[in-house]
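Presented below is the structure to which this report refers.
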Amino acid sequence: MSDYNPKEIEPKWQRIWEDNNFYQTRIDPGRKKYYVLEMFPYPSGKLHMGHMRVYSIGDVLARFFRMKGFNVLHPMGWDAFGLPAENAAIQHKVHPARWTDENIAFMKKQQDSLGLSYDWEREVTTCYPDYYKWTQWLFLKLYEMGLAYKEKAAVNWCSQCETVLANEQVIDNVCWRCGTRVSPQDLEQWFFAITRYADRLLGDLDILEGWPERVKIMQRNWIGRSEGAQVNFPVKDSSKVINVFTTRPDTLYGVTYMVLAPEHPYVKEMVEGTSREKEVLSFVEEMRRVSEIDRASAETEKLGIFTGAYCINPLNGEEIPIMVGNYVLMSYGTGAIMAVPAHDQRDFIFAKKYNLPVKLVIKPPDQDLISEEMIEAYEEPGIMVNSGPFDGMDSRECIGKITAYLEENSWGRQDVSYRLRDWLVSRQRYWGAPIPVIYCDSCGTVPVPYEDLPVHLPLEVEFESSRQSSLKTLEEFKRVSCPQCGGEGQRETDTMDTFVCSSWYFLRYASPFSEDLPFEREEVDYWLPVDQYIGGIEHAILHLMYSRFFTKVLYDAGLTGITEPFSRLLAQGMVYKDGAKMAKSKGNVVTPDEIVEKYGADTGRLFILFAAPPEKDLDWSDKGVEGCYRFLRRVWRLVNDNRDLLRKSHQESIKVNELNSLEREVYQMINSAVKRVSEDVQERFNFNTAISAIMELVNSLYHYLDKVEAGEIKENLFLKGANNLILLLAPFSPHITEELWSILGHEESVHLQSWPGYDQEALKAADVEVVVQINGKVRDKVVVSADSSKEELLKTAKSLPKIQSQLEGKEIVKEIIVPNKLVNLVVK
RNA sequence: GCGAGGAUGGCGGAAUUGGCAGACGCGCUAGACUUAGGAUCUAGUGCCUUUUGGUGUGGGGGUUCGAGUCCCCCUCCUCGCACCA
């Protein structure tokens, strides 16, 4: 008999699958569809274990649901624009396009060596004109809908990457990609108006039942919706009115000063020509040098300065000083706040520092507070004091009452504010999809007409001297005639954030050949939404929120009928080794290539799926891999060493009542394995326990062969066991199962077989072991026939010698009998 | 500080409805086969104890005939958020 040799059989079957277009997918309205998708990779060069893990999970689902009779869409592609390609160009003098293409070719080969069942016909590559044409088309669509706009704003600049970044792409004040600290710059940039979708992005999280709670919470936090009121404070001796947003209208009588953000336009106007002008403006300049994200940090010391101006509290007519402070941000709310030091800790700290008054307007229900003696703000609800007509009322009630009071007097109105900012999408980089816009001296900003797309990214560019985008200096790219007046125009030289490209690729997979539109409505209607999306938690906000936004925009544009792209989301855990994330610097890297080379893809996949549930972090263990290899060899021998026997037997129909107890045990195991694997894969995604059930089946079959007399083997039973074993293992380890299936004489691929069913009756054992407890402690066990009555059980239990001796001299006060499980006697 | 998740043998992890804690795998121990084995097979393996038995799911309390599972308090770990008015 030949040994298990994955190096030989794996490439063999991969070729056969490919030659026969095995995984090609077509719309079939007669069948239920299942769209399983793994986040497409950036073609960085080589696959790592994180990739192997996410693809293994996706491939199990794809293969499982295919066998279950679903029409499965399982595509793959490349998130191919991005900075690393450009950096490689500068460092190694290789064109980003070539670098990217070579990486794709290499990684695709690696993916194929893992036996992944992709429909490669649908492959998308975001840096190819036939894809980015449609990214540009979608940009124009957003522009047309008023959702894309250009604006000067203080934005995050990464000096290392030489480009601006969206807020989501700045983590703890540093660039998410290179770790450089970002700095603020006032630049004119393109934005997508994602804030207009804030409420829908927030509200629809509730219908995403298949999403992990933590991802939804992260998105909720990011959107940061707060309810409150806008209040107008007239400036004394001026026609100006300062508008503030507050979530605590109940504290309005406690306002003792106002704070404007340094960028607030009133600051300059109010101090102009006054004695305080110089001092205030130099303070403002100083504050603006610090990035907004730095300023927004709780650790930053609160700094401020008095403008010299006052405004009037509309509720009680009090005059209150107007300050400028670093802790107020222009981009949130109205860029101005009312300060209530008695009831807001930030205001309290600031007030103490600058000797501003503290005025108590809410007192705790059970004690009195004195403003002058407070050492921190009282932020809890309580009883209103010093608040005119509202005195004595519950502060919680007054939130609504005072808001209504404001509205009655036109002093303000109810309002909602978000933490979410618009998505900054322009990048000062070369390797991205050009923004399809032309600037014309007479017509202004003119979108490139749809029929002129794509705006080709020129490939003939230099990467020698600077890291600056080569588009900026490329005259033949920049110079263009205006599509409206025909006069001289200039192309936009910024490209789009790569997250724009990845915000709609899952739609293109459904309709990859569409030539008139980014995708055909009919095809998208059939395939979408994605039934199961799988990827890393690092995209909890970034990619996943952008994609949700795009999906809603496209719905509004009438291009799709779905409002959410991903019905279910699996955030897979990371791969660790020796307690640390795999990293070159730590020297603990194991690559998919090594594993395939040494053990084969089937072993690697099996280990990755067996070692931990998919959403948990996985500890790499070389010994564990060995164990899986050992298991597959065990499977191999089980089938191969008995191939003659198995091939001889042509039918597996089994008469259950003719089985002896040893055979019945095997039969029960065969059926329970099918049940457990089916449920673990389909309902719980617990591949680790599914695999352990398969291992138990193998152990049971070996046990049977060991116990049964030679020549007494019940052939149809053993055949059923072997067949089911191969079928159950097929989604996990597709090559070995294909080989064994063919060894058993089957002509059609194992991956085209139906998923096995099970005999519900067979799950019940003829005999069950019942535990006998006294006072909840196990004292004995007894085997009885299944479904024995309570009376019989009790009688049997009491008759056991061990139990009888324990019962001696005791009185039974209670008898608990759980059929097929236990008897518990409570004694005194 | 707020929010979410978690803590089970030497290790990775099971226990789906409150009903035998530790499935499955790794490791380890003993044995078989063998020139040899880091191949394979068999048996064992939570801890303490001499069998008997006792004890055991981060710690403390509670509910229950019965708790890893439910309730209360505490400790620690991981992740996310945190000057957002």
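What you see below is based on every heavy atom in this structure, not just the backbone, and it leaves out hydrogens, waters and symmetry mates.
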Whether each nucleotide of nucleotides 23-28 of chain B has a protein heavy atom under 4.0 Å at its base (B), only at its sugar-phosphate (S) or at neither (-) is summarised, 5' to 3', as BBSSS-
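Across the C1' atoms, B/rC11 and B/rA4 are found 27 Å apart, a figure rounded to whole Å. Distance noted for atom P between B/rG18 and B/rG31: 47 Å (whole Å). Separation of the P atoms belonging to B/rC70 and B/rA15 is 14 Å when rounded to the nearest angstrom. Taking atom C1' in both B/rC28 and B/rG9, the straight-line distance is 12 Å, to the nearest Å. Here the separation of B/rG22 from B/rU35, taken at their P atoms, is 41 Å to the nearest Å. Distance noted for atom C1' between B/rG59 and B/rU8: 15 Å (whole Å). Distance check on atom C1': B/rU57 versus B/rG46 gives 11 Å, rounded to whole Å. For B/rU29 and B/rG66, the P atoms lie 42 Å apart once the distance is rounded to whole Å.
Here the side chain of A/R605 pairs a donor or acceptor atom with the backbone of A/F732 at under 3.5 angstrom. At least one donor-acceptor pair under 3.5 Å links the side chain of A/H343 to the backbone N or O of A/Y378.
A sub-4.0 Å separation between OP1 or OP2 of B/rA85 and a side-chain N or O of A/S226 is present. Considering only side-chain N and O atoms, A/R214 lies nowhere under 4.0 angstrom from the phosphate OP1 or OP2 of B/rC81. At B/rC20, none of the side-chain N or O atoms of A/R779 fall inside 4.0 Å of OP1 or OP2 (strictly under the cut-off). For B/rG80, the OP1/OP2 oxygens have no side-chain nitrogen or oxygen of A/K216 closer than 4.0 Å. Listed pair A/K814 / B/rC65 meets the phosphate criterion, a side-chain N or O lying under 4.0 Å from OP1 or OP2.
The aromatic rings of A/Y546 and A/W423 lie parallel to each other, their planes meeting at an angle below 30°, with 60° marking the opposite boundary. Relative orientation of the A/F350 and A/Y354 rings is tilted, given thresholds of 30° and 60° on the angle between their planes.
Within the nucleic acid shown, A/Q773 comes within 4.0 Å of at least one base atom, counting heavy atoms only. Residue-level contact check: A/E538 touches neither bases nor backbone, having no heavy atom under 4.0 Å from any strand. Residue contacts for A/I217: at a heavy-atom cut-off of 4.0 Å it reaches the sugar-phosphate backbone alone, with no base atom in range. A/D344 comes within contact range of no nucleotide atom at all, as no heavy-atom separation falls under 4.0 Å. Residue A/R225 is out of contact with every strand shown, counting any heavy-atom pair closer than 4.0 Å. Contact annotation for A/V328: base contact, defined as any heavy-atom pair under 4.0 Å involving a base atom. A/V826 comes within 4.0 angstrom of sugar-phosphate atoms only, judged by non-hydrogen atoms across all strands, and of no base. Within the nucleic acid shown, A/N221 comes within 4.0 Å of sugar-phosphate atoms alone, with no base atom in reach, counting heavy atoms only. Within the nucleic acid shown, A/P212 has no heavy atom closer than 4.0 Å to any nucleic acid atom.
Base orientation of B/rG9: syn, since the glycosidic angle falls within 90° of 0.
Rounded to whole Å, the distance from NZ on A/K581 to C1' on B/rC79 is 14 Å. Here B/rG13 presents its P atom at 16 Å from CZ of A/R684, a figure rounded to the nearest Å. Nucleotide B/rG80 holds its C1' atom 14 Å from the CE atom of A/M545, rounded to whole Å. Between A/L329 atom CG and B/rC83 atom P there is a gap of 9 Å when expressed in whole angstrom units. Put simply, CD1 on A/I774 is 14 Å from C1' on B/rG66, counting in whole angstrom units. Rounded to a whole Å, the CD1 atom of A/I349 is 13 Å from the C1' atom of B/rA82. Rounded to an integer number of Å, the gap from A/L638 CG to B/rU40 P is 15 Å. Put simply, CE on A/M574 is 18 Å from P on B/rG6, counting in whole angstrom units.
Salt bridge status for A/E318 with A/K359: present, with a side-chain N to carboxylate O gap under 4.0 Å. Under 4.0 Å is where a charged nitrogen must lie from a carboxylate oxygen, and between A/E376 and A/K352 no such pair does. With salt bridges taken as basic N to acidic carboxylate O contacts below 4.0 Å, none links A/E665 and A/K707. At a threshold of 4.0 Å, the pair A/D617-A/R53 does not count as salt-bridged, since none of the basic side-chain nitrogens sits closer than that to a carboxylate oxygen.
Residue A/I541 is the one, among A/I541 and A/M330, whose nearest nucleotide of RNA chain B lies closer to the 5' end (criterion: closest heavy atom). For A/P613 and A/N824, each mapped to the nucleotide of RNA chain B holding its nearest heavy atom, the one lying further toward the 5' end belongs to A/P613.
Checking B/rG9 for Watson-Crick or G-U wobble geometry (two distances, each under 3.5 Å) identifies no partner in any strand. Pairing partner, B/rU51: none, since no Watson-Crick or wobble contact has both distances short of 3.5 Å. Partner assigned to B/rC41 is B/rG31, using Watson-Crick or G-U wobble distances below 3.5 angstrom. Across all strands shown, B/rU16 forms no Watson-Crick or G-U wobble pair with both distances under 3.5 Å. The pairing partner recorded for B/rA4 is B/rU78, the criterion being a Watson-Crick or G-U wobble arrangement whose two distances lie under 3.5 angstrom. Base pairing of B/rA21 is not made with any nucleotide, judged by Watson-Crick or G-U wobble geometry with both donor-acceptor distances under 3.5 Å.
Each of B/rG12, B/rG80, B/rA85 was ranked by its minimum atom distance to the side chain of A/A611; first place goes to B/rG12. Each of B/rU55, B/rA14, B/rG12 was ranked by its minimum atom distance to the side chain of A/D619; first place goes to B/rG12. Checked against B/rC41, B/rA14, B/rC65, the side chain of A/R637 finds its nearest nucleotide in B/rC41. Of the candidate nucleotides B/rC65, B/rA39, B/rU55, B/rA39 has the atom nearest to the side chain of A/R633.
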A/R214 vs A/E615, salt bridge (charged side-chain N to carboxylate O under 4.0 Å, His left out): CA-CA, chis, key distance, verdict
CA-CA 12 Å; A/R214 60 178 173 148; A/E615 70 280 3; over 6 Å; no
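The number of heavy-atom neighbours closer than 6.0 Å to NZ of A/K821, taken from other residues, nucleotides and ligands shown, is 12 or below.
Annotation for A/A693 and A/A673: closest pair O-CB, 4.1 Å, computed over non-hydrogen atoms.
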